[in-house]
Number of protein chains: 2
Amino acid sequence: MSVTIKDVARMANVSVASVSRALNGHGGVTAETQKRIREVATRLRYVPHNAARSLITRRTQTIGALLPDLHGAFFSELIRGIDLAARSRGLYLLVSSSHGDATEAAIALRAMQGRVDGLLVMSPHADEAFLDENLPVVLPTVLINSHVRSERHASLDVDDFGGAHAMTEHLLGLGRKRIVFIAGPEVNHDVQERIRGYRDALAAAGLGERAAILQGDFTEESGYHAGKQALAMVPRPDAIFAANDMMAIGCLSALAEAKVRTPDDIAVAGFDDIPMARYVSPPLTTVRIRIAELGEAALQRLAAMIEAPDDAAPEPHVVSTEIVVRASCGGGDTVRRRA
Amino acid sequence: MSVTIKDVARMANVSVASVSRALNGHGGVTAETQKRIREVATRLRYVPHNAARSLITRRTQTIGALLPDLHGAFFSELIRGIDLAARSRGLYLLVSSSHGDATEAAIALRAMQGRVDGLLVMSPHADEAFLDENLPVVLPTVLINSHVRSERHASLDVDDFGGAHAMTEHLLGLGRKRIVFIAGPEVNHDVQERIRGYRDALAAAGLGERAAILQGDFTEESGYHAGKQALAMVPRPDAIFAANDMMAIGCLSALAEAKVRTPDDIAVAGFDDIPMARYVSPPLTTVRIRIAELGEAALQRLAAMIEAPDDAAPEPHVVSTEIVVRASCGGGDTVRRRA
DNA sequence: ACCTCCTATGAAAACGTTTACGTTCCGCGC
DNA sequence: GCGCGGAACGTAAACGTTTTCATAGGAGGT
C-alpha cells in the first residue's frame with residue numbers, strides 16, 4: 001500500500017489539513033512547519049493520489065483526444081502539436097483512437113467522463129446529433145475538422161477549400177488547362193471542400209466545364225489506378241491534382257510506369273505535405289497543412305475554454321494552408337504562404 | 001452538476017448499492033429491478049464518475065506511456081501499436097512525452113501516480129537509478145528499449161545487434177568489402193548495439209580492421225555530411241550502412257549530387273524501414289523493425305503484469321528485425337525474416 | 001408450525017484528498 | 001483585566017463510487 005497524506009501527517013505531527021495546505025502552498029501554515037512537512041513528504045516519497053484529488057477538486061489536469069485513427073503522418077503530427085501545447089500548460093493527454101463505428105466512439109467518450117477537463121474531438125462520427133447524445137453538457141469541447149457548426153462547441157477547421165482553390169489557380173497559372181482531380185472517400189468532408197475549391201477555381205477561370213473528377217480512397221493504390229485512368233483519357237490531361245499526397249505518389253508511379261514525363265507531360269500535385277512528399281521523385285508540389293499548428297491551436301482554444309468556461313465561444317478558427325512548389329509541377333522549391 | 005449514482009437510486013426507488021450492482025452486473029439483484037435501474041440510468045444519461053470509481057477500486061483502466069518525444073515515424077508507429085493493443089483490452093492511454101531532462105521526466109512520472117495501472121517507459125533518462133528514485137515500488141512497468149536489466153521491471157528490446165549484424169553480412173554477401181558505418185548520437189544505446197553488430201559481422205568475415213565509423217546524429221543533414229566524408233575517403237568505400245533511414249536518405253542525396261551511382265558505385269543501407277524508405281530513389285535497403293508490434297508486445301506484457309502482479313518476470317523479450325532488400329544495394333524487392 | 005438457509009436489498013464504511021468551519025492561543029487596545 | 005481579532009492548526013464533511021455487513025422476507029424441509 002502506498003503512502004498517503006495521513007502517513008505524512010502522522011510523521012510530521014500535524015493534521016492532514018496542514019499537510020495539504022503546506023504542500024499546495026495555500027498559506028495559513030508557519031514557514032517552519034511547512035518546511036518540516038515538506039521534508040517528511042519527500043522522505044516518505046509521498047505523492048498525492050490523483051484520483052482522490054480530482055474527485056474533490058473536479059480538475060484532472062488532463063484533456064482527452066478522440067481520434068479516428070492513429071495511422072499515418074497526419075495524426076502523428078497532430079498529436080505532437082497537441083502534446084506540445086498541453087505539456088507547456090502542465091496538462092496531460094488521454095488519447096483514444098481507432099473506433100470503427102459510432103458505438104465504439106460513444107463508449108470511448110463515456111470512458112473519458114470524470115477523467116478529463118476537456119475534450120478534443122476529431123471523428124467522422126462526431127456529427128451534431130452524436131455529440132448531443134453522448135457529450136455531457138458541461139464538458140468543454142473543441143471539434144477539429146468536423147465542419148460542424150454548433151453553438152455548444154468550439155471548432156477548428158483546415159482551409160481545405162482555400163488550399164485546393166489556390167493549388168488549382170497555381171496549376172492554371174503554369175498554363176495547365178486540363179486538370180483532373182482525384183477525390184478521396186465521399187463521406188469525408190475535407191474531400192468535399194477540396195473538390196469545391198478545385199471546381200470553384202476552374203469556374204473562375206472560365207474552365208468550369210473542364211472539371212473532371214476521378215474516384216480514390218486516399219490510398220497510394222487508388223492513386224495509382226486513378227493515374228492509369230487519367231492516362232487513358234482523351235484528350236489527355238496535362239495536370240493531376242490529388243486530394244492527398246499518398247494518392248499523388250501512387251499517381252507518380254503510374255506515370256513513371258507509362259514513361260510519361262513529370263512535370264513535362266503531366267504535372268502532379270498533392271495535398272497535405274507529408275514528410276515523404278519532399279523525397280519522392282520528382283519531389284511533390286503540394287498544399288501544406290500545418291498540422292502540428294492545428295493541434296496546438298486546438299489545445300490552446302480548449303485550455304481557454306477550461307479556464308473561462310462562460311466566455312462566449314469565439315468564431316470558428318480556420319487554419320490556413322500554403323502551397324509548396326516542388327519539381328512535380330515545374331518550378332523550383334518555394335513556399336507561398338496563404339492568409 | 002452532473003448526475004450521480006444517487007440520482008439514479010432515488011429515481012429508481014432503490015439504494016445506491018443496488019444501482020452499483022445492477023450496472024456492473026454483479027448479481028444479487030432481480031432481473032426486474034435490474035432492468036428498471038438500467039432504464040432509469042440511460043434515461044438520466046448517467047455515467048459513472050471515473051475518479052471516484054478508481055479511488056475505491058484502485059483500478060483506472062489506463063496505462064501511461066512515457067516517451068522521449070513524439071517526433072517522426074517511429075513514435076507514431078509505436079503509439080499506434082500500443083493503442084491498438086490497449087483498445088482491444090479496454091484500456092486507455094495516457095501519454096506524456098517531450099521531457100528534455102530527467103527532472104521533467106520525474107515530474108511526468110509523479111503526475112501519473114494514481115492515474116494509471118501500469119507504465120510503459122521509453123526514455124533516455126530511464127536508467128536504473130532514475131527508476132528506483134521515481135517509481136512507486138508497486139506499479140507494473142515495462143521498459144522499452146532501455147537496455148536496462150532489472151529484477152523489478154520487465155523489458156523489451158529491439159534486436160539492434162542482430163539487425164546490424166545481418167545487414168552487414170548481407171552487404172558482404174553482395175561482394176562489398178569496404179563498408180562504412182554512419183553512427184547516431186553516442187549516448188543512444190541502440191546505436192551502440194548497431195555498431196557492435198556491424199563490427200562483429202566484419203570481424204567474423206576477417207575484415208575487422210576495415211571497420212570505419214563516421215559520426216552522425218540521426219538527422220538527414222548529418223547523413224548528407226557523412227556521405228560527403230565517405231566520398232572523400234581513400235580508398236573509397238563501396239557501401240555505406242547508416243544507423244537509421246533518415247541519415248541513409250541524406251547520404252543518397254550526397255551521392256546523387258556527386259554523380260556517384262547507387263548501388264553500382266556505392267551501395268547504401270539504412271535502419272528502421274520508415275515508410276519513406278520505399279519511396280526514395282533508389283528505394284532503400286534497410287533493416288525493418290516492426291515497431292507497431294513492439295508497442296503491442298509491450299502493452300501485452302504490461303497487461304499480463306497487471307492481471308497477475310506476482311508472476312515472476314519472464315526473461316526480457318527481444319523484438320526481431322528483418323532485412324528489406326530494395327534497389328539501393330542491388331537486388332530485387334524481398335523481405336528476409338530473421339528469428 | 002418452526003427452523004434454516006438463501007436471496008434481494010439497504011445502511012454504512014472506505015478510498016485519499018480538499019476545504020469550510022471551529023478551536024486555541026497570543027497580542028493588543030481599551 | 002478583559003474582550004477582541006487574527007493567525008495557526010485541527011475536525012469533519014464532502015466528492016462519487018464499491019463493497020462489506022446486516023436485515024428482512026420467502027421458500028423449503030422437517
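Just so it is clear, the values below take in all heavy atoms, side chains as well, and ignore hydrogens, waters and symmetry mates. In what follows, chains carry the letters A, B, and so on, assigned in the order in which the sequence lines appear, proteins first and then strands, with residues in each chain numbered from 1.
For a distance-only test at 3.5 Å, the side chain of B:Arg21 qualifies as a donor-acceptor partner of the base of C:dG10.
Along DNA chain C, the nucleotide nearest to B:Ser15 and the one nearest to A:Ala51 differ in position, and the one closer to the 5' end is contacted by B:Ser15.
Distance A:Lys6 NZ to C:dT18 C1': 13 Å, rounded to the nearest Å. Rounded to a whole Å, the OH atom of B:Tyr46 is 7 Å from the C1' atom of D:dT17. Per the geometry, NE2 belonging to A:His49 stands 17 Å off P belonging to C:dA14, to the nearest Å. If you take CG of A:Asn50 and P of C:dT18, they are 10 Å apart, rounded to a whole angstrom. For the pair A:His26 NE2 and D:dA7 P, the computed distance is 17 Å after rounding to whole Å. The nearest whole Å value for the distance from the CG atom in B:Leu23 to the P atom in D:dT17 is 10 Å. Atom-to-atom, CZ of A:Arg115 to P of D:dC15 comes out at 21 Å; the value is rounded to the nearest Å. Rounded to whole angstrom, the span from the CG atom of B:Leu55 across to the P atom of D:dA14 amounts to 17 Å.
At D:dC9, one or more side-chain N or O atoms of A:Thr30 fall inside 4.0 Å of OP1 or OP2 (strictly under the cut-off). A sub-4.0 Å separation between OP1 or OP2 of C:dT9 and a side-chain N or O of B:Ser18 is absent. Side-chain nitrogen and oxygen atoms of A:Ser20 include at least one within less than 4.0 Å of the OP1 or OP2 phosphate oxygen of C:dT18. Contact annotation: B:Arg53 does not reach the phosphate of C:dC15 (side-chain N/O to OP1 or OP2, under 4.0 Å).
Closest to the B:Ala52 side chain, of the nucleotides D:dT17, D:dT11, D:dT19, is D:dT17. In this structure, the nucleotide among D:dG10, C:dG10, C:dT17 sitting nearest to the side chain of B:Ala17 is C:dG10. Relative to the side chain of B:Thr57, the nucleotides C:dT18, C:dT17, D:dT18 differ in distance, and D:dT18 lies closest. Comparing atom distances between the B:Ile56 side chain and each of D:dT11, D:dT18, C:dG16 picks out D:dT18 as nearest. For B:Asn24, taking side-chain heavy atoms from C-beta onward, the closest of the listed nucleotides D:dC9, D:dT18, C:dG10 is D:dT18.
For the residue pair A:Ser76 / B:Arg80, no side-chain donor-acceptor distance below 3.5 Å is found, with atom types taken as modelled. The closest side-chain donor-acceptor pair between B:Arg115 and A:Ser54, if any, does not fall under 3.5 angstrom.
Looking at A:Arg21 and A:Ile37, their side chains never come closer than 4.5 Å, going by heavy atoms from C-beta outward.
Formation of a donor-acceptor pair under 3.5 Å by the B:Asn24 side chain with backbone atoms of B:Ser20 is found in this model.
Rounded to the nearest 0.5 angstrom, A:Arg89 CZ and A:Ile306 CD1 are separated by 9.5 Å.
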